[in-house]
Number of protein chains: 2
Amino acid sequence: MDKTATTPQVLRRANLAAVLEVMRASSAVTGTDLIEATGLTRATVIAVCDDLIRRGWVRELQAPKGPGPQKGRPARYFAFNDAAGCVLGLDVGMATVTVLVADLKGRVLARTSKRFAKEPATAAQRRATITHAVDQALASAGLGHPAVLAAGIGVSTVVDRHGNVAPGHRLAPYFDLGLQTEVWKEYGWPVLLENDANLAALAEHWCGAGAGVDDLVVMLAGERIGTGLIESGRLLHGSSGGAGEVGTLELVDGVGSHDGIARLARRWGTELLASGEPTLIRDLVGPGTTRVSARFVFEAAAAGDAAAADILERIGRRMARIIALLGTFLNPELVVIGGAVASSAAMLLPTITAELPRLSGTPPQVAVSGLGDAIVATGAVRLALDYVEQNALGLTPAQPQQDPRALS
Amino acid sequence: MDKTATTPQVLRRANLAAVLEVMRASSAVTGTDLIEATGLTRATVIAVCDDLIRRGWVRELQAPKGPGPQKGRPARYFAFNDAAGCVLGLDVGMATVTVLVADLKGRVLARTSKRFAKEPATAAQRRATITHAVDQALASAGLGHPAVLAAGIGVSTVVDRHGNVAPGHRLAPYFDLGLQTEVWKEYGWPVLLENDANLAALAEHWCGAGAGVDDLVVMLAGERIGTGLIESGRLLHGSSGGAGEVGTLELVDGVGSHDGIARLARRWGTELLASGEPTLIRDLVGPGTTRVSARFVFEAAAAGDAAAADILERIGRRMARIIALLGTFLNPELVVIGGAVASSAAMLLPTITAELPRLSGTPPQVAVSGLGDAIVATGAVRLALDYVEQNALGLTPAQPQQDPRALS
DNA sequence: GGTCTTTATTTAGTCTCTAAATTTATGCTC
DNA sequence: GAGCATAAATTTAGAGACTAAATAAAGACC
C-alpha cells in the first residue's frame, strides 16, 4: 500500500528539503547558520548546498556582506534562488481575469487584467482571454513559458480539496474550463484550482491582516458572499468543497431591501450598476434585490443619504450574523473582511462589532483586508508557491540562460 | 529552529514505524507481506522485525497457519504485540465517570463506571472517585499501573488543541482537575484531555456509523448539546477549542417548551428527573426549561402523549437547524447523532430529514450512533491509541512477566 | 534420498551521515 | 612582509542502514 521505500537517498532528500526551507526563510545564509538551524554537520551542510546549487535551487553569493570586522576564513554565502522559476496566480471571475506573475519568493513581477468579451462568453472565449492575459503577463515579466513551475487559479464556484470544480454548482460551467487538460497541456504546468474565498484566506494568512493567525476566516463579500476557512493553518474544504459557502444561507433580517435600492435610484437618478464594477447583489443585501454598484452605495451613504445608510446597516447586520455563526461553529481568532466591500468596510465595522457580542458567546476579532482587489490572485500565487515548495525536489528548476563566460 | 538532525538512524526509525503500521492493520504478517507493503528488501524487513521484537512491540507467532498446502521453507509470522501495554479511556461527566481499559488494538479489557459523591462534589472528591474507578478497572483487567501507556479523558467543557481546559468556560472548574500533574504524576502517564463531543466524533470515525467518512460531524445531545467536527480526518478545535460549541446558539424556534413539560408532569404525575439518568435540558429543548429525563420523554411520546410528541418535534426542528448550519459552514458528508437522545433518535429522524433540504443547500446525511453510552470513553481510547501509535518508538512497552523457561 | 520451492541469512558494495584532523583564506600584529 | 589567530572548508576514517546477489535452510513432493 504505502510503499515507504526508505532508502539512504531519502535521507539526503529530507536534508535537502530542510536546508531549502531554512534558506527560503532568510535572504542569505552561511554554512554556520545552516549548522545551527538544521543540527547537521558542516561537512553535510556543505555537501547539501553544493547539491542544491547543482540542481539549480540555490545560488552562491559572491560579494556577500558589508565590510564588517571579520576574522577567519570568509564564509560562503548561500541563498535560495528565487529566479529558478516563477509561478502564476490567476483570479478568474465572472467578468474579468487577473494574472500575477511572481518569483519563488512571492514577489510580483508582472500583473495583467482583462475583461471577458461579453457577459455570457463561451468557454472557448473565456479560455482564449485567460491564455492571452497569461502570455501578456509573462512577456512583460520577461519570462518564457518554461519558467512557470505552477499555476494557481481562483474561481467563483465550489472546488473540492482535490482541485476539481464541483459539477453541481450553478456557476460551475463558467469555471470548469479544463485549462490543464486542453490549453496548457503542452506546457505541462501543474494547474491548481481553488475557490476564490479560500484563496483570499490563504492570501491574508500569508501577508495580510491574518498573518500569523492560524485560525482565521476571510469573508469575501461583493457580487457573491463566500468565506475561506483556515483552522490550525490548514484550509477547510468539506466533503465536496462546499465548506464556507454561505451564499445559500437564509437569514431572517436579510429580506426586502429592494425598496431601499429603488428609493436610492429615484433619489439619485442614475444607473446603479456601472458595468464591470464590483457590485453587491442578493447574497449580501438580501433576496429579490437588483444589482447595485458597491462604490455607489458607499458614496451615497458617506454623503449622508438615508436609504444608502439603511442598506449599509442591513449589510452590517447580515455580516454580523454570519460572523457570529462562524464564531460559534469554528471559533476563529480573527475574521477578515475582503472583496468589493473592503474598500469601505470601515463604515460597516461599527455595526458589526456592536452586534457580535450579542450573537455569539465566542465572538472573533474583526479586521478589514488591506490587500485590495488582488486578494484572490495573491492567494493563487501562494497556492502555487505551496505546491512548488512541497514538490521542489521533484521539479526541474528553469535554468536561466547561462552566461557564456561562466563556462570557460 | 527545526533541528531536523537527520542521521542514518532516522531511516531505521522511519522503517520501524512503517513496518509497525502494516502490522497494526492486519493480524499476522510474513516477511514477504512486509516486502510487498513497504517496498523494502527482505534483509531489511527481517532486521527491522527482529529490532521490533527486541523492543517488545512485535512478537513472533510459533504455530502460524492452518495445515495448508505449502511449499518451500516455512515463513516466520510476525504480529503486533497488542499486549505490550494498555490505554485508558475515561469519560468524566458531571455526575459519573466511566473508565475503559483497552489493549493496543483497541479491544476493551475492562469497564467501570462510578457516580460522584454528591452533585456539587469538590475537586478532591472527584479526583478520588476517578482514580478509584481507574484502579478498579485496571485490577479487573489484571493489569498494573506500569502497563498503561497513555490515558485519554473526555470532559464536558471546552478544551483547546493542546489539551488544556479553557479557563473561561462555565463548567471548567469541574473538569480542570490536574490529574496529570497531581494524582497520576507518580505513574508518568501521558494524559490527553479532550472535549467529550470531539471524542464522540473520534469514536464514530473509528468504529461507528462514520467509519471511513473523513468529513464527519457528531452531535452529542443530552444534558448539553455539543458537536465534534472532523474535516479531512482531523479534529477541528478552533483558536481556543470552542469549535462546535453550539450550546450557546440561540435559535428562533427553541423557546418556550416549558409549558409542554409542565403539562407532561401533570398528565403523568411522576418525577421527571430520575436522578443520574441521561437528561435533556435547556441546550436542547430551549431556555427556561426544567431538566427532564430523556427516557421519560421518549417513552411518553411512544405511548402517544401529545405533549411529549410536541417536545420531540421541537427537538427535531432544533437539531435540524443546527445540522443545516453545519452543512452550510462545514459541508460534512455525514452527521451522526449520539448521546442520551441516540437510543430513541429514530423518532427524531423523520422530522430532521424532512426539515433539512429546506434549510441548507448542501444537506448532509444523518445517521444515529450505535455506540451507546460508551461513545465518549471509546473516543478517549482512540485518542490514547493515536498518541501511542504516534509516539510508539519513543515509549517503552510494558514487558510482560517473562516465562523463565524462555531464558534457558 | 533427491529435487523443488520458498524463506532466511550472509556477503559485498553503496549511500549518507558524524567526528576529528587537516587545509585554506583572511585579518591582525609585530 | 612574516608570522599568528581565527573561522570556514575540506579531507579522512568510521559507522549505520540499505540493496543486490549469492548461499543456506526447511519443509513438501516424488
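We name chains A, B, ... by the order of the sequence lines, and we start the count at 1 in each one.
Contact check, Thr44(B) against dT19(D): a side-chain N or O comes under 4.0 Å of OP1 or OP2. Within the 4.0 Å cut-off from OP1 or OP2 of dA17(D), not a single side-chain nitrogen or oxygen of Asn15(B) is found.
Between Asp50(B) and Arg76(B), at least one side-chain N (NZ, or NE/NH1/NH2) sits under 4.0 Å from a carboxylate O, which counts as a salt bridge. Salt-bridge formation is not detected for the pair Glu194(A)/Arg382(A): no Lys NZ or Arg NE/NH1/NH2 atom is positioned less than 4.0 Å from an Asp or Glu carboxylate oxygen.
Nucleotide dT7(C) holds its P atom 12 Å from the CG atom of Leu34(B), rounded to whole Å. Remark: P of dC15(C) and CG of Leu40(B) are 18 Å apart, rounded to the nearest angstrom. In this entry the distance linking CD of Glu60(B) with P of dT7(C) reads 15 Å, nearest Å.
The 12-atom threshold is not exceeded at NZ of Lys185(B), counting heavy atoms of other residues, nucleotides or ligands nearer than 6.0 Å. Under a cut-off of 6.0 angstrom, the local environment of CD in Gln390(A) is sparse, with at most 12 non-hydrogen atoms contributed by other residues, nucleotides or ligands.
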5' to 3', nucleotides 3-16 of chain D under a 4.0 Å protein heavy-atom cut-off (B base, S sugar-phosphate only, - none) gives ---BBBBBB----S
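Checking Leu193(A), Thr378(A), Leu202(A) one by one against Leu383(A), the side-chain contact (heavy atoms from CB on, under 4.5 Å) holds for a single residue, Leu202(A).
For the atom pair OG1 (Thr44(A)) and CG (Asn15(A)), the distance works out to 7.0 Å, reported to the nearest 0.5 Å.
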